[in-house]
Structures are given as structure tokens and as C-alpha cells.
Novice: 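I have a structure here, written as C-alpha cells, and I will follow up with some questions on it.
Just so it is clear: chains get the letters A, B, ... in the order the sequence lines come, proteins before strands, and each one is counted from 1. As a basis for the values below, the full set of heavy atoms in this structure was taken, side chains included, without hydrogen atoms, waters or symmetry mates. What you see is a predicted model; the values in this text were computed from it and never measured.
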2 protein chains.
Amino acid sequence: MTKTLFRTTIAILAASVATTAMAQVSPEDQIKFRQAGYSFMSWNMGKIKANLDRDYNHDQVVGAANAIAAIANSGMGALYGPGTERDVGNVRTFVKPEFFQNMEDVGTLARNFNAAANNLAAVAANGDQRAVSQAFGDVGAACKACHDKYRAD
Amino acid sequence: MTKTLFRTTIAILAASVATTAMAQVSPEDQIKFRQAGYSFMSWNMGKIKANLDRDYNHDQVVGAANAIAAIANSGMGALYGPGTERDVGNVRTFVKPEFFQNMEDVGTLARNFNAAANNLAAVAANGDQRAVSQAFGDVGAACKACHDKYRAD
């Protein structure tokens, strides 16, 4: 893995993230922080699903959708820096090596995910439950598109 | 710990979160999800600090502040349900028992934190670096106010 390739990674996934800020975070912490982001998004996906399946609470869905979108928009690409492509000490990563070898595709998947997350937040604010269901499915599909290719079981 | 007290906890911390949705999440996962939320917020706090200390990148600060605010607004109170006041299996929690015995105070601290986080997001969008520095300090103080009282070392 070359330094240039990692820079490309960052450029594609998080153009707005200054490398200086990223440099402060150890590979171990980068893995922990990205897993924290995905974990917190998954909790909020679960809440939206529960709302769609049962009593729909507008405010809860809006809060959950906003959290997913804001996390998606926070420049998580900076958390895939050098040294994060493998386990670090006790910190396991589920990312496949192929992730770092297909940055153009990863960039497309990341942009698709962000667009789906932003759409879900916009649709949730509007309050149309059927539209939320569709937008929620689109986010799930965007998650799965990356997981299927680049997350190990 | 009575069931009523836990219900009060939820009412104070996350009035908008339906208990039905919360019931799906195991105590172990509640602890993991709340730690994920705090962890991801801490990454974003670190990014804002790095921007204030060095080259200020407006978009990065906005993204970080929005993530913190959206996580704060996502009803994390639902992640302090019954069974989460102590370690569960291998999942450690740093919350002190006093947290669950002082819900009125916890509610005040939580509201103060959310207000500070929302203010930081609003100020970051405006772009005045000095105002961001002040608002960032207020969020840090709101974090610390709860940590000092209710987080074990």
C-alpha cells in the first residue's frame, strides 16, 4: 500500500478532511472511531425499522435519520488511513484488503450511501411514512452494497 | 433500581423515544451503542479542536459539529435502560450508580449538553472562528460536567 494510494483514499472519501487533523489519530483509534460511527448508525437504522414496523413516531425517525446523515457527512474517509487495513493489537477490523485496492468503486459506493442518507433525512422531515419506508430501504441497500464487497464476515 | 425509576430516566433523557423501540435492544447492545455515540462524538470534538489549533477548514468543522449535534439529538437516553447500570458479560460500562439515582440532575446535564451541541452546530455554520472556539468550549464543559459526576475513571 503506497502513501499515494492512501492519499487518494482520503481524497475520494473525504475531500474536505484536512490530513493534518487526521494525522493525530492513531490507526487503532481510526478503526475504533469508524466502527463507532457504523455502530451508532446501525442503532438508528434499527429505530427507524421499529417505527416503520410498529407505531410511527415522527420525532424519533427524524432524530435517527439526522444522526445517520450527519455521521455519513462527517468525513469518515479520514478513518481509513495508513495502518488501518489490518487488525491493530486487540482492535479487529472487518475491512477487506480489496477495499483499499478499489478506491474509485469505494468512492462511488460512499457517495451513493451519503446521497441515500441525506435523502432519508429529508424525507423523514417531510413525514410521509411510505416515502420514509422507500428511503430507508435505499439506505439499507447502500450499506449492503459496500458490505457485500468490502466487509469480511 | 425500580422499573418506575428507569421509566423516569427514559422520560427525562429521551421523551421522544418510544419504549417499544428500545425494548428490542439488549442491555449489552445499549451499552455498546451509547459508547459508540460518545466515541464518535469525541472524534469529532478532536477534529474541531485540531481545526481551531491549526488551519481552520469550515466544511470540516460544520460536518463535525453537525455530527455531534445529531448524535446528541438522537435520544441516547433510551440507551440507559434496565440492566445497563453495570457491566454485562465482557461489555464494561463506566457509568456510576449515582447516575441512575439522580435522574433530575442527569436530565438537566443532558439538556445543557444538547443545547451546547446545537449551539455549536449553529455557530459553525455561521463560520466565525472565535465564536466556534467559545461554543466548542461550552460543549466540552457540558461533557465534563456529566463526566465529573457520573463517569467512573
Side-chain angles (χ1 to χ4, degrees), chain A residues 14-26 29-79 90 114 117-118 121 124, chain B residues 14-26 29-79 90 114 117-118 121 124:
Chain A
S16 69
V17 175
T19 49
T20 47
M22 194 206 71
Q24 293 184 309
V25 181
S26 69
D29 283 344
Q30 287 179 47
I31 295 171
K32 286 182 183 176
F33 286 141
R34 72 196 188 201
Q35 291 179 345
Y38 296 127
S39 174
F40 203 75
M41 286 195 283
S42 79
W43 175 54
N44 284 285
M45 288 293 282
K47 280 191 292 183
I48 295 173
K49 184 172 190 316
N51 273 275
L52 290 168
D53 289 346
R54 293 192 290 270
D55 298 330
Y56 192 85
N57 180 313
H58 174 77
D59 289 346
Q60 182 174 134
V61 173
V62 168
N66 285 346
I68 293 165
I71 290 170
N73 295 330
S74 69
M76 289 183 71
L79 298 173
N90 292 325
N114 281 20
N118 287 330
Chain B
S16 69
V17 176
T19 49
T20 47
M22 193 206 73
Q24 293 184 309
V25 182
S26 69
D29 282 344
Q30 287 180 48
I31 295 171
K32 286 182 183 175
F33 286 141
R34 73 195 188 201
Q35 290 178 345
Y38 295 127
S39 175
F40 203 76
M41 287 195 283
S42 78
W43 175 55
N44 284 284
M45 288 293 283
K47 280 191 292 183
I48 296 173
K49 184 173 190 314
N51 273 275
L52 290 167
D53 289 347
R54 293 193 290 269
D55 298 331
Y56 192 86
N57 180 311
H58 173 77
D59 289 346
Q60 182 174 133
V61 172
V62 167
N66 285 346
I68 294 164
I71 291 171
N73 293 331
S74 68
M76 290 183 71
L79 298 173
N90 292 327
N114 281 21
N118 288 329

Novice: Restricting to non-hydrogen atoms, name the atom on B/Ala36 and the atom on A/Ser39 that form the minimum distance, rounded to 0.1 Å.
Specialist: CB-OG, 3.7 Å

Novice: Identify which of A/Gly37, A/Ala72, A/Ser42 forms the greatest number of heavy-atom pairs closer than 4.5 Å to chain B.
Specialist: A/Gly37

Novice: So, taking the atom named CE in B/Met76 and the one named CZ in A/Phe40, what distance separates them when rounded to the nearest 0.5 Å?
Specialist: 4.5 Å

Novice: Counting distance only, does the side-chain N/O of B/Lys47 pair as donor-acceptor with the main-chain N or O of A/Ser74 below 3.5 Å?
Specialist: yes

Novice: Enter the distance from A/Trp43:CH2 to B/Arg34:CZ here, rounded to the nearest 0.5 Å.
Specialist: 11.0 Å

Novice: About how many Å separate NZ of B/Lys49 and CD of A/Gln24, when rounded to the nearest 0.5 Å?
Specialist: 7.5 Å

